Amino acid sequence: AMGLWAGFDRTADGMQFDDRLGLGPFSFQYAVGVDGISLPLVFLTTLIIPLCVLVSWRIDNTKAFMMLLLLVELAVTGAFTSVDAFLFLLFWEIAMIPMYFVIAFWGGPKRVHAAIKFLLFSVAGSLLLGIGIAALHHEGGTYDLVALAQVEYAPEVQFWIFLALFVGFAIKVPMIPVHGWIADAHGEAPAVGHVILSGLLLKMGAYGLIRFCLFMLPEASATFAPLAMWLSVLAILYGGFLALAQSAIKRFFAYSSIAHMGFITLGIFGLNQEAIQGAVLQMVNHGMTMGTLFLAAGMLYDRTHNPMIDAYGGLHHVMPRFTVLLTIFVISTIGLPGTGSFIGEFMILIGTSYHSYLLVLFALCGIVVGAVYMLSLF
């Protein structure tokens, strides 16, 4: 990933480091590459997984756990770099399998229920994605993402394909009202499971919205954009108020993730350069900050087996260095000036202001709520 980053030409358009291999009689091919959207997410993936390995030294059945961890890295990196729609769907499905086992085998007391719920929502989203990608292939005659982006689809065709893809990706983000799985999954997953879910798998949904919905179906995206932006603002406020009401630390971070992902989808459907760049930057910021906070929550839970936030008062007396790091990432999550989250949120708000100042006002209220719930936790 560092080699890709160093060799990437920031002045060039389109995919770079393109690698293609035909697969005989099949209409799809092994085709991968990176552009300015996928490269930061590949870098995020390859940064987070080694951290997950480092914090897994107390995990039972280490060999199986590490195998699943590497399988997740393979699948997520493959999804972010796929230039073939069928290959993207294949990697999307592969990512779901190890995550199910990580929750079911190493999770909390209700881990099986949470894992099955995660699986059912994921399968529903995958079916819709499969239908949407099959329809794209039927209309465009290819699975190549670059070629599909050049095809002009009839408005009614765009509408139905967009609807299938949008709901499929929205389940993974998750957007309201298809967010029902996230609290249970985060509430029962082990520490590493939280990091993979919030840091990587949620970003796959947001990445799919940009790569498929915006690039291939621009007219339908413009039609649905107002609805998607209002749903995003609703997620920011709804997730924030629900986080404020939580007494368990894992569920607290789960609902705060809904709020932060609301900012990302708000930027994506801003449909302008500032908003989309802010959304991509915020994906990386969210993966790093929330991933670290989930590791902190998992670390505390592993040592105390007490999920309640109130149980950790006076933490700075016994874990002063841990508390310093926690302070830095709490400040970053709030979006204080000088942190990456401030830049990402600021760009999203600028892009949103081109559409509606009322949306910006509600999003700013969400930032205030975010500061309240993070500082109350702290």
Side-chain angles (χ1 to χ4, degrees), residues 162-163 165-183 198 202-203 205-210 213-214 220-246 252-287 289-290 332-336 339-376:
F162 178 91
L163 200 60
L165 293 173
F166 175 76
V167 177
F169 290 128
I171 289 172
K172 188 69 82 178
V173 168
M175 291 181 73
I176 291 174
V178 287
H179 64 288
W181 61 272
I182 192 168
S198 66
L202 305 192
K203 307 305 174 296
Y207 173 78
L209 288 173
I210 298 175
C213 295
L214 264 59
S221 297
T223 303
F224 274 90
L227 173 63
M229 293 177 82
W230 279 108
L231 283 175
S232 301
V233 167
L234 178 62
I236 293 169
L237 294 169
Y238 174 79
F241 282 117
L242 278 180
L244 202 55
Q246 298 305 309
F252 172 92
F253 284 132
Y255 286 116
S256 69
S257 270
I258 293 176
H260 287 102
M261 290 303 294
F263 263 105
I264 293 170
T265 52
L266 180 64
I268 289 170
F269 285 97
L271 303 181
N272 55 62
Q273 186 174 340
E274 291 90 344
I276 294 173
Q277 284 183 343
V280 173
L281 177 58
Q282 201 60 9
M283 280 192 240
V284 179
N285 293 334
H286 181 267
T289 55
M290 290 307 297
S332 177
T333 306
I334 292 170
L336 206 68
T339 63
S341 297
F342 171 78
I343 301 167
E345 289 178 0
F346 188 70
M347 291 176 72
I348 290 168
L349 291 173
I350 289 173
T352 305
S353 68
Y354 299 150
H355 297 271
S356 166
Y357 285 111
L358 188 60
L359 281 169
V360 174
L361 182 63
F362 279 119
L364 286 169
C365 292
I367 291 176
V368 174
V369 173
V372 171
Y373 68 68
M374 287 308 299
L375 289 173
S376 67

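The structure displayed is predicted, hence computed values, not measured ones.
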Determine the minimum heavy-atom distance between [X] and [Y], stating which atoms define it.
X      : Y      : value
Thr289 : Ser341 : CG2-OG, 4.3 Å
Ala259 : Gly239 : CB-C, 4.1 Å
Ala275 : Gly267 : CB-O, 3.2 Å

Is there a side-chain contact between [X] and [Y] in this structure, where contact means two heavy atoms from C-beta onward sitting under 4.5 Å apart?
X      : Y      : result
Leu336 : Phe342 : no
Asn285 : Ser332 : no
Phe263 : Met283 : no
Leu242 : Ile258 : no
Val280 : Ile210 : yes
Met347 : Gln282 : no
His355 : Pro226 : no

Approximate separation, where rounding is to 0.5 Å, of [X] [atom1] and [Y] [atom2]:
X      : Y      : atom1 : atom2 : value
Ser256 : Ile236 : OG    : CD1   : 13.0 Å
Leu231 : Leu266 : CG    : CG    : 11.0 Å
Ile348 : Ile343 : CD1   : CD1   : 12.0 Å
Ser198 : Met290 : OG    : CE    : 6.0 Å
His286 : Leu202 : NE2   : CG    : 6.5 Å
Leu227 : Met229 : CG    : CE    : 11.5 Å

With sequence neighbours excluded, tell me which residues meet side chain to side chain contact (heavy atoms under 4.5 Å, CB included) with [X].
X      : value
Ala183 : Arg251, Tyr255
Leu375 : Ile334
Ser353 : Tyr357, Val360
Leu214 : Ser221, Ile268, Phe269, Leu271, Ile276

For this session: For residues 223-233, pull every pair meeting side-chain hydrogen bond (donor to acceptor under 3.5 Å, both in side chains), keeping only residues two or more places apart or in separate chains.
Result: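 Applying side-chain hydrogen bond (donor to acceptor under 3.5 Å, both in side chains) to every pair that reaches into residues 223-233, excluding sequence neighbours, yields Ser232-Thr265.
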Side-chain polar contacts of residues 169-182 - donor-acceptor pairs under 3.5 angstrom, sequence neighbours left out - could you list them?
residue, atom, partner, partner atom, Å
His179, NE2, Tyr238, OH, 3.4
Trp181, NE1, Ile171, O, 2.8

ask   = Should the heavy atoms of other residues, nucleotides or ligands under 6.0 Å from CZ of Phe346 be counted, would the total exceed 12?
value = no
Next item on the list: Go through the steps for Phe224 and Leu163 under the test side-chain contact (heavy atoms from CB on, under 4.5 Å), then give the verdict.
Entry: CA-CA 9 Å; Phe224 274 90; Leu163 200 60; 3.8 Å; yes
